[in-house]
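Below: the structure, in structure tokens.
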Amino acid sequence: MSAANATGRGASPLKRFGLPALLIALALLFPFLDDGLGLGLMFPVIVIAVYVMLALGLNIVIGFAGLLDLGFVAFYALGAYVVGWFASGHFNQVSISFLSTARSISGGSPAGIHISFWILLIVAGAFTALCGIIIGAPTLRLRGDYLAIVTLGFGEIIPRFFQNGDNLGGFNLTNGTIGIKSIDSPGISILPDSLSTWQRFGTLDLNPWYYTILLLVLITVYVNIRLRDSRLGRAWVSVREDETAAAAMGINPVTTKLWAYALGAMFGGVAGAFYGAFIKSIFPTSFSFNISILVLCMVILGGMGNIYGVILGAIALQGINFYLLPQINDWVHAIGESLGSPLLAGADIPKYNFFIFGIILVLMMLLRPEGIIPNRQRQEELHDDSDAGGDALGGTVRA
Amino acid sequence: MPEENGGSVANVLEARGITKAFGGLLAVNAVDFDIPERAIVSLIGPNGAGKTTFFNMVSGLYTPTRGRFVLTGRDITKMKPHQRAQMGLGRTFQNIRLFGTMSAVDNVLAGMHVRLKGSILGAVLKMPGVRREEKEAREKAHALLDFVGLRGRETFAKNLPYGDQRRLEIARALASDPKLLLLDEPTAGMNPQETARLTELIGRLRQERGLSVLLIEHEMRVVMSISDRVTVLDHGEKISEGTPTEVRQDERVIEAYLGTARTG
Ligand SMILES: Nc1ncnc2c1ncn2[C@@H]1O[C@H](COP(=O)(O)OP(=O)(O)OP(=O)(O)O)[C@@H](O)[C@H]1O
Ligand SMILES: [Mg+2]
């Protein structure tokens, strides 16, 4: 394989178009499969897709630009709260509606701000991108461990802010630990009545949700590929590789990094906005530090910097979380009951998910540190033991 | 472009009173330096004389303790490295600093970054202007690799042979269309044939591209054969300056090189 494959050029047409086309077709048909076979997997699959988007967002920051961000959940939360604020009855002092599906029982305009979900997706993306820049800016001079610690701090601050933001000088911005409830459903009201489940997304038919997040994921993947192969994508890799040399070549490290923060945050925010509408109620505790780590694990497990690897990592870890662990739990309970062992019959396997992820990650680091589907460049970096000695700037430092 | 200091139209770079102190050590001490347009100027001196430190100040990686730089008529003393590169300064490093896990072509394309205009939106939407620009950039990158005589285009830079890495660094520096190119010991570690080829290449940079070159070089044959002017640093001070012949005959230079004046 040549280096060109790492950037998508030069791959065989079958690999370039055939496999993605097949996977997209499969994804499009999944609801029918789920329905026909009675799998009942729509809900977990939608959540997995949300995490795919999150992981792809974080991949821009960590995988492409090499900035170890441990507080990515902040953008997920901010995106969700954008939908919470502007598509619910939370701000009941006012009554503003715009292209929303929300109706009040009395027929008048409902209390709170109700803006179309589709507009809010864009607003959430723009808002979190801005937050990405604001949060990223103070960290620009930091590298490696220091950057990780500061971003970790931001990841903690944001949920705390939502938790304590119910009385900001008398103003209830976030409703504290109670969170924001009854978030409006998205919908496409111009559709004919025969497509009523699309006019207003409900909880019985999950297909509209599924196709919406599928579209969002596909857009995310496409944009990621385009970015990776662009002028900015090259700048990211060069700053990741050697910031000083990149600057000497005319690449502005500051804007290059800020773009990574902004674009990564944007996808995190849009994922959060979708999730908020899907789950209908958001609480500060839904955005704990664990999520930052979970998404980071997805990126590392799948293969930092490799778009397909990251998708696989997200599917694998959330698949374990939602499907495998409950399944194993049932088996263990069944075994426990037949053996008459109360320990096994009452075991709560999903509780140990982070323990299991930890083991997977340790094993991965030992056996295949570059991830399941490695990025060629990252692989080279990890297996590089020929570190050039001497002062990095070429000076002859004598102790 | 308006000239700020009327008298010296023909200088690409002017350095005035450049000083750099590392703690108590004066690595570079009050050095004045001019590089005329289309000139090849060499900076020589014993190990630790302060040559690389001077380079790093020109390209903005170190801030001078005192002194100022004027590049093509503009004071660049307070500019960031990437701004200087945008203004037309290209450089290589004494210890090669390529983007190791990028292909040779991508290294050159990264060097071309400032000359490309493609926006992020344009790249995402595959707008025709951006596609055309990328295509042309790629062709230009290949032409540059031809120019420096490099063949392994798609291999990762770090896997190239040493001499090729040096050539690739030059191609990457040329990609930003610099007016002044700084080369820090470009022939280090090269065999005599490679050295001869590189010397010829540096000559062509001026003839074919109208560049000025500031060269740090230990190989005296290279220095004497292609330099218009030579400046000699020792212990951070400029001890001699002139044509190669003048410098070769300068007592102080001979002293510095033979080490008779050295105390430590
Ligand atoms: N970053 C630094 N911090 C402290 N001292 C430095 C630094 N860089 C260089 N020096 C010191 O400054 C002096 C000049 O170093 P410099 O690298 O400029 O020499 P040079 O002329 O390039 O030598 P060589 O021919 O060996 O490359 C040396 O004494 C060196 O130890
Ligand atoms: Mg040096």
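Just so we're on the same page: letters track the sequence lines, and every chain starts at 1. The shown structure was predicted, so the numbers you read here are calculated from the model rather than taken from an experiment.
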Part of L98(B) within contact of chain A (heavy atom distance under 4.5 Å):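 Backbone of L98(B) only, per the 4.5 Å heavy-atom cut-off to chain A.
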Is it the backbone or the side chain of N107(B) that comes under 4.5 Å from a heavy atom of chain A, or both, or neither?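 Neither part.
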Is it the case that atom [atom1] in [X] sees more than 12 heavy atoms from other parts of the structure closer than 6.0 Å?
X       : atom1 : value
Y146(A) : OH    : no
R115(B) : CZ    : yes
R368(A) : CZ    : yes
K80(B)  : NZ    : no

Can you list the residues that meet the ring-ring contact (aromatic ring centres under 6.0 Å, His included) rule with Y76(A), with sequence neighbours excluded?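 Expected list: Y275(A), F287(A).
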Could you tell me which non-hydrogen atom of V124(B) sits nearest to which non-hydrogen atom of R226(A), and how far apart they are?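 Result for this residue pair: O-CG, 3.6 Å.
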Locate the shortest heavy-atom distance separating A248(A) from F93(B); write the atom from each residue and the value.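 For A248(A) and F93(B), the tightest heavy-atom pair comes out as CB-CZ, 3.9 Å.
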Please lay out, stage by stage, how M249(A) and S176(B) fare under the test side-chain contact (heavy atoms from CB on, under 4.5 Å). CA-CA 7 Å; M249(A) 296 307 121; S176(B) 64; over 6 Å; no
Can you tell me how far the [atom1] atom of [X] sits from the [atom2] atom of [Y], to the nearest 0.5 Å?
X       : Y       : atom1 : atom2 : answer
S230(A) : L121(B) : OG    : CG    : 11.5 Å
D229(A) : E134(B) : CG    : CD    : 9.0 Å
R231(A) : L116(B) : CZ    : CG    : 6.0 Å

Sort out for me which of [options] touches chain A most, counting heavy-atom pairs under 4.5 Å.
options                          : answer
G90(B), G50(B), S119(B), A110(B) : A110(B)
E185(B), R172(B), H113(B)        : H113(B)
G60(B), G100(B), G111(B)         : G100(B)

With heavy-atom distances below 4.5 Å as the criterion, would you say the side chains of [X] and [Y] are in contact?
X       : Y       : result
I120(B) : W259(A) : yes
R240(A) : T101(B) : yes
V114(B) : I251(A) : no

Dump the intermediate steps for side-chain contact (heavy atoms from CB on, under 4.5 Å) on F99(B) and V237(A), then the final yes or no. CA-CA 8 Å; F99(B) 306 125; V237(A) 179; 5.8 Å; no
When you look at R97(B) and E243(A), which way does the salt bridge (Lys or Arg N to Asp or Glu O under 4.0 Å) test go after all the steps? CA-CA 10 Å; R97(B) 293 184 81 162; E243(A) 191 175 328; over 6 Å; no
Salt-bridge present (E241(A), K158(B); N to O < 4.0 Å):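 Judged by the 4.0 Å cut-off on N to carboxylate O distance, E241(A) and K158(B) do not form a salt bridge.
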Name the option with the most non-hydrogen atom pairs under 4.5 Å to chain B; the candidates are A235(A), P253(A), G250(A).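 Highest number of heavy-atom pairs under 4.5 Å: G250(A).
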